[in-house]
Amino acid sequence: GKDNSLQIVKHEIYQAGSKHGVFLDAGYFILQGDGWLKRYFIKDIAARSDSVNFPGCNNIAVTTTGKIVIASGDRIRMFNSWDQLNKPVTAVDVKGEITCMCADNEGKYLAVGSQNGIVSLVDIASGSLLCRNNVQRSAINDLKFGALPGNQLQLASASSDKTIKLFDVQGDRLDNVNTVTIQDHTKWVYSLAYSSGSRYLISGGEDDQVIATPSTMIGLYKSLEKNK
């Protein structure tokens, strides 16, 4: 239609105990629970689905290059496809139980958040660990990449310490010197999303607030000046 309203195009009961869901490609999506993965064909969910047991899995992500990333404890494993889930192409250990993962839109980086407040940056192509930063005082609940003007890549981190951290990704590293800390929420911050064009970062928290914050330093300064 002409308005911006959302419509439910399909409503199904999938799988009890599901924790995460990701789109695999245009035709499939995957649900993840404790120790299992289930793949559904979107156009015919009732008739076409398959599942695999994956003991210990607690998170899942899919990169824009089609790799499937599965987290178990403090380890991630990367796979080239659903049909090759028994053949990981690489495995990376991070410090702390993994709570969330996010890949950038270019398929270059995977950010991994842990229960102990550590964020790790992984090179998707090689599977190598690029850096590991202790960035927050409590669990990382969500991570999102935002592509800002001037080819600047930003990583946002939401935590149970009530804050959001904004990092520039520079030279395969997280810039800890010019980190921006946002403290608009009064309780745990659960989820993050960038608006179209990454102009705003949207956050949701335990305090029942949904807050839109300018994602660039210039935008943040203008917002702070306006609210003085």
Side-chain angles (χ1 to χ4, degrees), residues 10 12 14-15 17-115 118-133 140 142-147 151 153-157 169 171-174 192-194:
K10 198 170 188 66
E12 298 279 354
Y14 300 120
Q15 178 80 33
S18 303
K19 287 190 170 182
H20 301 96
V22 292
F23 285 97
L24 180 57
D25 52 36
Y28 293 90
F29 74 93
I30 302 173
L31 289 182
Q32 174 263 321
D34 286 326
W36 56 264
L37 301 168
K38 193 164 186 177
R39 181 179 66 164
Y40 293 89
F41 182 60
I42 296 172
K43 293 183 179 179
D44 194 0
I45 289 170
R48 296 183 59 181
S49 66
D50 51 350
S51 60
V52 295
N53 291 324
F54 207 106
C57 69
N58 58 2
N59 215 298
I60 186 171
V62 174
T63 72
T64 55
T65 55
K67 287 186 177 180
I68 300 172
V69 188
I70 299 174
S72 302
D74 63 354
R75 169 173 286 194
I76 64 167
R77 294 177 176 88
M78 291 190 188
F79 304 85
N80 282 329
S81 69
W82 175 266
D83 296 326
Q84 296 180 10
L85 288 182
N86 61 336
K87 299 177 181 179
V89 293
T90 189
V92 180
D93 292 327
V94 299
K95 292 183 177 179
E97 182 176 353
I98 295 167
T99 53
C100 56
M101 299 186 293
C102 178
D104 75 313
N105 287 336
E106 299 298 322
K108 184 175 182 180
Y109 299 113
L110 177 78
V112 183
S114 300
Q115 184 72 30
I118 290 177
V119 172
S120 302
L121 196 64
V122 176
D123 181 87
I124 292 174
S126 66
S128 59
L129 179 65
L130 298 173
C131 67
R132 184 189 290 120
N133 297 57
I140 309 294
D142 200 9
L143 292 164
K144 287 293 185 297
F145 284 102
N151 296 319
L153 183 63
Q154 185 179 83
L155 177 66
S157 169
V169 181
D172 295 340
R173 292 290 185 270
L174 298 180
L192 298 169
Y194 280 92

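No hydrogens, no waters, no symmetry mates; every other heavy atom, side chains included, goes into these values.
Annotation: side chain of K108 is in contact with side chain of D172 (closest heavy-atom distance under 4.5 Å). Between I68 and I30 there is a side-chain heavy-atom pair separated by less than 4.5 Å. At a threshold of 4.5 Å between non-hydrogen side-chain atoms, the residues V62 and F23 do not count as touching.
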Evaluation steps, side chain to side chain contact (heavy atoms under 4.5 Å, CB included), between L130 and R173: CA-CA 7 Å; L130 298 173; R173 292 290 185 270; 3.9 Å; yes
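Heavy atoms only, all atoms of each residue included: L110 and A61 are closest at CD1-CB, 4.5 Å. Here the shortest heavy-atom pairing between L37 and C57 reads CD2-SG, 4.4 Å. Between G21 and L31, the shortest heavy-atom distance links the atoms CA-CD2, 3.9 Å. Considering all non-hydrogen atoms of both residues, F41 and G27 come closest at CD1-O, 3.3 Å. Taking every heavy atom of both residues into account, H20 and I60 meet most closely at CB-CG2, 4.1 Å. Across all non-hydrogen atoms, the minimal contact from Q32 to D34 is NE2-N, 4.3 Å.
Residue pairs meeting the ring-ring contact (aromatic ring centres under 6.0 Å, His included) criterion with at least one partner in residues 60-111, sequence neighbours excluded, are F54-F79.
Legend: residues meeting side chain to side chain donor-acceptor pair (under 3.5 Å) with D104, ordered by chain and number and at least two apart, are absent. Among residues two or more places apart in sequence or in another chain, the salt bridge (Lys or Arg N to Asp or Glu O under 4.0 Å) test is passed with K144 by D142. With sequence neighbours excluded, no residue forms a side chain to side chain donor-acceptor pair (under 3.5 Å) with S120. Residues satisfying the side chain to side chain donor-acceptor pair (under 3.5 Å) test with S51, not counting sequence neighbours, are none. Listed by chain and number, the residues in a side chain to side chain donor-acceptor pair (under 3.5 Å) with D74 amount to none (sequence neighbours excluded). With sequence neighbours left out, the side chain to side chain contact (heavy atoms under 4.5 Å, CB included) criterion links K67 to T63, T65, M78, N80, I124.
Atom OG1 of residue T99 and atom CE of residue M101 lie 10.0 Å apart, to the nearest 0.5 angstrom. Going from atom CD1 of I98 over to atom CD1 of I70 covers 11.5 Å, rounded to the nearest 0.5 Å. Between the CG atom in D50 and the CG atom in D83 there is a gap of 8.0 Å [rounded to 0.5 Å]. With rounding to the nearest 0.5 angstrom, the SG atom of C102 is 11.0 Å from the CG atom of N59. If you take CZ on R39 and CZ on F29, they are separated by 12.0 Å, rounding to the nearest 0.5 Å. Rounding to the nearest 0.5 angstrom, the gap separating the CG atom in N53 from the CH2 atom in W36 is 10.5 Å.
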Please table the atom pairs, donor to acceptor, closer than 3.5 Å between any side-chain atom in residues 88-97 and protein atoms at least two apart or in another chain.
residue : atom : partner : partner atom : Å
D93     : OD1  : R75     : NE           : 2.7
D93     : OD1  : R75     : NH2          : 3.4
D93     : OD2  : R75     : NH2          : 3.1

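The environment of Q84 atom CD is dense: over 12 non-hydrogen atoms of other residues, nucleotides or ligands sit within 6.0 angstrom.
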